Asker: 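Before I ask anything, here is the structure I am working with.
Chain naming here is simple, since letters A, B, ... match the order of the sequence lines and numbering starts at 1 in each. This one's a predicted model, so the numbers in the text were calculated from it and none came from an experiment.
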Protein chains: 2
Amino acid sequence: MSLTHAILGLLTITPMTGYELKTQAFDNTIKYFWQADQAQIYRTLSAMAEQGWVESTLEIQEDRPNRKVYHITEAGLEELRRWLHTEQPLPVHRDPFLVQMFFAGQLDSATVLNHIARQRAAHQALLEQYKQLPVPPLNDPDLDHSRLFWRLTLEMGITTEKTYLDWLDQCEAAVREMIEANAQNPSANPWLKDSKA
Amino acid sequence: MSLTHAILGLLTITPMTGYELKTQAFDNTIKYFWQADQAQIYRTLSAMAEQGWVESTLEIQEDRPNRKVYHITEAGLEELRRWLHTEQPLPVHRDPFLVQMFFAGQLDSATVLNHIARQRAAHQALLEQYKQLPVPPLNDPDLDHSRLFWRLTLEMGITTEKTYLDWLDQCEAAVREMIEANAQNPSANPWLKDSKA
DNA sequence: TTTCATTATATGATTTTACATATACAATAA
DNA sequence: TTATTGTATATGTAAAATCATATAATGAAA
């Protein structure tokens, strides 16, 4: 599975604790292409340590919990390199909102517009977060190999969110148009319910 | 979970067997926002039948296996309506290729270009498949409520794939540029390995 | 002729993901 | 003062997803 390899890759950048992997790497940086649960990260780290792909050193701290800093081993590097050469399957799409929209013909228009607005806000927030990530732009002279790919994948996250927002706007427009069309149609149907407000 | 509600929704269109749900609905139509395994569909249908949300009638066939045609019940319709009113969480992104690209600085450029080309072909194929789905376009007068939302979600699938293809092209261009830049740089690094061909 | 694809349902086993909760101390906020 | 947030690791459990395989008939292809 790719979580293992995402972690292996991250540990080539710098040794990290499970907590840092979660809060700095996954939640802030690469969540637009791989999301991971905290519990899953810790358990995967244990499994990887058993495999011999990572090792940890305990850092004793006084005022806060001890840190288990993981670093990648030679075997881990080898596994990462092997995996990096393999062809990857297509992404799995599972978007519950799109399921909802697919069947939104069964909802009144006001509810649909409300759903759209909420999703819009959530995606907008994501986009803002991605935009603030400190990765040099494509035309930056500091863009070395690694950073080039970080920027490219970040661009993907940003573009995806922009596309999503555009689509939500398109949906809203289409729904409003449909409301108009129905308002002029005397054989009014229940779809208009509440939506005149 | 949304698989249940995707199935409930699909059964409001027409009664179907598990096989039809898989081959016609999921694999052909809505896989760009909800993918489902065959085994999972059958098991979910069983669970839904126990819940009382669907019922099945057995259609005896002579030359092929009998069909278990599921239809939605009143309780199922109620559950679907309830769910359609709830707010949905953001989509979960898990794209192993993007993980690979994030760490592609550790690969030689020829391998990266090869990976990109393969993904491109796969996404191109998906796009072609989506384009051929028989859903009336947005400006079609036959576009009723249901079909409007089918078209909107399909537009999302198409747009997403187009965006992905554009991004892959951008990646390819960036990698080729990086190759150029490195070729002129005498402090050649292993990244160029094999990529001069 | 044997293998493969299609139609159709189903189970076993495993892996992956998700959700909840526990511990523990410090600092900050209500 | 009490509650919450941040740092840090971990387990229990359940749900969901994946992969493999079984059955069984027909028809087509190698």
Asker: Does the distance from a Lys or Arg side-chain N to an Asp or Glu carboxylate O, for B:Glu172 and B:Arg176, drop under 4.0 Å?
Answerer: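 Between B:Arg176 and B:Glu172 there is a salt bridge, with a charged N closer than 4.0 Å to a carboxylate O.
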Asker: Quick check: on DNA chain C, is the nucleotide nearest A:Pro65 upstream (toward 5') of the one nearest B:Lys68, or the reverse? Name the residue that is more 5'.
Answerer: B:Lys68
Asker: Let's see if you get this right: which residues in residues 15-42 of chain A place a heavy atom under 4.0 Å from DNA chain C?
Answerer: A:Trp34, A:Asp37, A:Ala39, A:Gln40
Asker: Minimum heavy-atom separation for A:Pro96 to B:Gln88, with atom names?
Answerer: CB-OE1, 3.4 Å
Asker: So, A:Arg120 and A:Asp169, do they make that salt bridge, N to O below 4.0 Å?
Answerer: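 Salt bridge flag = yes for A:Asp169 with A:Arg120.
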Asker: What parts of residues 46-58 of chain A reach DNA chain C, counting only heavy atoms under 4.0 Å away?
Answerer: none
Asker: Hey, can you tell me if B:Phe33 and A:Phe102 have their rings parallel, tilted or perpendicular (30° and 60° cut-offs)?
Answerer: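 B:Phe33 vs A:Phe102 ring planes: tilted.
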Asker: What I want to check is whether the side chains of A:Thr29 and A:Gln24 have a donor and an acceptor closer together than 3.5 Å.
Answerer: no
Asker: In this structure, which one of A:Leu127, A:Leu126, A:Thr160, A:Thr153 forms a side chain to side chain contact (heavy atoms under 4.5 Å, CB included) with A:Tyr32?
Answerer: A:Thr153
Asker: Give the rounded distance in Å between these two atoms: CZ of B:Arg67 and C1' of D:dA25.
Answerer: 16 Å
Asker: I'd like to know if B:Glu78 and B:Arg82 make a salt bridge, using a cut-off of under 4.0 Å between side-chain N and carboxylate O.
Answerer: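 A salt bridge is absent here (no side-chain N lies under 4.0 Å from a carboxylate O).
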Asker: Taking everything shown except A:Gln124 itself, do over 12 heavy atoms lie less than 6.0 Å from its CD?
Answerer: yes
Asker: Which residues pass the salt bridge (charged side-chain N to carboxylate O under 4.0 Å, His left out) test with B:Arg118, sequence neighbours left out?
Answerer: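 So B:Arg118 forms a salt bridge (charged side-chain N to carboxylate O under 4.0 Å, His left out) with A:Glu87.
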Asker: Using atom types as modelled and distance alone, determine if a side-chain donor or acceptor of B:Ser2 lies under 3.5 Å from a backbone N or O of B:His5.
Answerer: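 Side chain of B:Ser2 to backbone of B:His5: no pair is present.
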Asker: Look at the aromatic rings of A:Phe97 and A:Trp167 and report parallel, tilted or perpendicular, splitting at 30° and 60°.
Answerer: perpendicular
Asker: Compute whether any side-chain donor of one residue and acceptor of the other, for A:Tyr164 and A:Asp95, lie under 3.5 angstrom apart.
Answerer: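 Yes - a donor-acceptor pair under 3.5 Å links their side chains.
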Asker: Go through DNA chain C in 5' to 3' direction and return only the first and the last nucleotide with some atom under 4.0 Å of chain A's heavy atoms.
Answerer: C:dT16 to C:dA26
Asker: Identify, residue by residue, the members of residues 88-99 of chain A with a heavy atom below 4.0 Å from DNA chain C, and return them in order of residue number, or none.
Answerer: none
Asker: If you look only at pairs with a residue in residues 45-71 of chain B, which of them pass as a ring-ring contact (aromatic ring centres under 6.0 Å, His included), with sequence neighbours excluded?
Answerer: none
